[in-house]
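Values in this document were obtained by computation on a predicted structure and should not be read as measured data. Within every chain, numbering begins at 1; the chains are lettered A, B, ... in the order of the sequence lines, protein sequences first and strands thereafter.
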Amino acid sequence: MLYFFIKRLLQMIPVAIGVTIAVFLILHLIPGDPARIMAGEAANPEQLEQMRINLGLHLPLHEQFLNYFGNLLQGDMGTSIRTGRPVVLEIFENRFLITLQLAIAGTSLSILLGLIVGILSAATKTRYSFVEKLLMLVSLVGLSMPNFWLGILLIQLFSVRLDWLPIIGWGTWQQMIMPMLTLGVTGMAAIARMTSNSLTEVLAQDYIRTAYAKGVKSSVIIFRHALKNGLIPVVTIVGLQFGSLLGGAIITESIFAINGLGRLVVDAIRAQDFPLLQGAVLVYALVFVVVNFLVDISYRLINKRMELN
Amino acid sequence: MSTLKKRLKNLQIVMGGSIVFVLVIMAIFAPLVAPLDPLAIDVPGRLSPPSAYHWLGTDALGRDVFSRLIFGTRISLMIGVLASFFGAVVGVTIGIISGYYGKWVDAVVMRFCDILLAFPGILLALGIITILGAGTFNTIIAVSIFAVPIFARIARGQAMQVKKAEYIDAIKTVGASDLRILTRHILPNILSPITVQMTLYVASAIVTAASLSFLGLGTQQPTPEWGTMLADGREFLLQAPHLVLYPGLSILITVLGINLLGDGLRDALRPRGR
């Protein structure tokens, strides 16, 4: 296990470096002069030159990258053009935490709903197959639902029509309900489908049949015997979902005007604030890399325990 | 039981296929199907609710929503199909080469894929849009790049399996070139999982493209596009809820149809005795 852990940890390093190079290159792949774009059309030649020096654009490319990388290691992600504040502060002061909360809340909701729907559908498969078909159709609809549309429909119902929930912001529980639902429903569908498939396979195995033959109650069989084995593949999809919910947060934050990392990305693109954009994209990708690492480790841990048992 | 299951699966393919068929016909014959000009502005008649003349009402500029949705089918399907196709062509090419040759080629290609997959899809698309600028064609490129690692991984795995088969050794001994083996023997063998993935990717490409437009970074006005229509309609939730209802419903039906078809195909094409 330790060997696997270290090997997987080492595999993360080239990916993290590759991601950093990709993010660094954003600035250099933009057609035109980034200094000109960021200084604005009205900038005079001195201002332009100053901007070039600030961004380090006067150096050769490899030196620029080494500087960028060295600064990153010291926690310096550059300065936001728009606000003039360090990018690190812009990201980590509170935006990062908000997006993390949003993604965790959304994932939790999708796990809860996904497990309920998935277990119900596996349990009803043999005797009430129409219930199972219905549940799977519902989850396919959930999977096909564009989350920005769902968010707007929720606003339409709960804020505009019923006036129960605030349209924008993040912090109070009332503000959290709609963003959580918006994010959670798509994730729910994927988890429900995975749970149902995996549980159905487990339920067809011999030891389950033995338990039935011994007269054990269905509920005990599902929750005590089958779920333990059936949940293993679900762990992977939960991790993947967390990653895709991080992506989904970009849209959700825009709909509900939540000042998280996702909205920062969109605002930075609109304002052509490239240092800010690079920082935000890098943080996003690195979180994603770490989450995937944790999923692999936990998957391995669960599998290991099963083998030993 | 198994026949019942098979029938339901067929039903799924038929349902999904019918939805997709109708959409494709609508997209191809949009000028004939749409009752009005999707770009015709009629300011006095703006934000009117659905009526006999404007079946799904009008938008903030008085344009006919139904006609715009019909033309929007073209944009969405075109983006979805082209993005999936480009992604598949590039991904499968590097995937089978990587799987067939192995060693350092494989290591390089797979690390490249890992890096691309380290970005959530929409974020990668946003990054590419930042570089290329907004617009329909750039959206296609942005959305197809995320598909490359997905197809590359599938193609690589399949190519590695097929490579070990005895008949590949046999044709090697009779002197077949690598190119011939890759294109005539390995490629046909991996087509069915790739077809399924292509179908499913069309659905997610449509959603990602609409999300970009929704953020104002995809297809631009006045081209009728579902995501843009939704974003514009947000301003008028109280006066004209139809402006957000129907574009969203169009995306949902399209994506659902494609998912039903892809899901059904996956089970139908899966090797027997699973």
Smallest separation among heavy atoms of [X] and [Y], with atom names:
X       : Y       : answer
V15(A)  : A118(B) : CG1-CB, 4.2 Å
S144(A) : N259(B) : OG-ND2, 3.0 Å
L245(B) : W149(A) : O-CZ2, 3.3 Å
R270(A) : G216(B) : NH2-N, 4.4 Å
I122(B) : G247(A) : CG2-O, 3.4 Å
P120(B) : Y284(A) : CG-CD2, 4.2 Å

Need one label for [X]: side chain, backbone, both or neither, based on atoms under 4.5 Å from any heavy atom in chain A.
X       : answer
L249(B) : both
I129(B) : neither
A203(B) : neither
F119(B) : both
I128(B) : neither

Indicate yes or no: at least one non-hydrogen side-chain atom of [X] is less than 4.5 angstrom from one of [Y].
X       : Y       : answer
T130(B) : F274(A) : yes
L117(B) : N292(A) : no
M136(A) : D263(B) : no

Interface moiety of [X] toward chain B, non-hydrogen atoms closer than 4.5 Å:
X       : answer
V266(A) : side chain
L29(A)  : both
L277(A) : side chain
R193(A) : side chain
V141(A) : both

Could you grab the distance from atom [atom1] of [X] to atom [atom2] of [Y], nearest 0.5 Å is fine?
X       : Y       : atom1 : atom2 : result
T208(B) : I251(A) : OG1   : CD1   : 8.5 Å
L238(B) : Q156(A) : CG    : CD    : 8.0 Å
L217(B) : I269(A) : CG    : CD1   : 5.5 Å
Q12(B)  : K133(A) : CD    : NZ    : 8.0 Å
R234(B) : I167(A) : CZ    : CD1   : 10.0 Å

* Evaluate side-chain contact (heavy atoms from CB on, under 4.5 Å) for F214(B) paired with I255(A), printing each intermediate quantity in order. => CA-CA 10 Å; F214(B) 179 76; I255(A) 301 173; 3.8 Å; yes

Near [X] [atom1], under 6.0 Å, is it more than 12 heavy atoms from other residues, nucleotides or ligands?
X       : atom1 : answer
R161(A) : CZ    : no
I168(A) : CD1   : no
F112(B) : CZ    : no

* With a 4.5 Å cut-off on heavy-atom pairs, point out which of V289(A), L286(A), V23(A), V281(A) contacts chain B the most. => V281(A)

* Given the rule in the side-chain contact (heavy atoms from CB on, under 4.5 Å) test, do I250(A) and L215(B) qualify, once you have shown the distances and angles that lead to the verdict? -> CA-CA 9 Å; I250(A) 296 177; L215(B) 294 172; 4.2 Å; yes

* To do: Output the option from I258(B), V207(B), V244(B) having the highest count of non-hydrogen pairs under 4.5 Å with chain A.
  => V244(B)

* Based on non-hydrogen pairs under 4.5 Å, which of D114(B), V255(B), L124(B) is most in contact with chain A? -> V255(B)

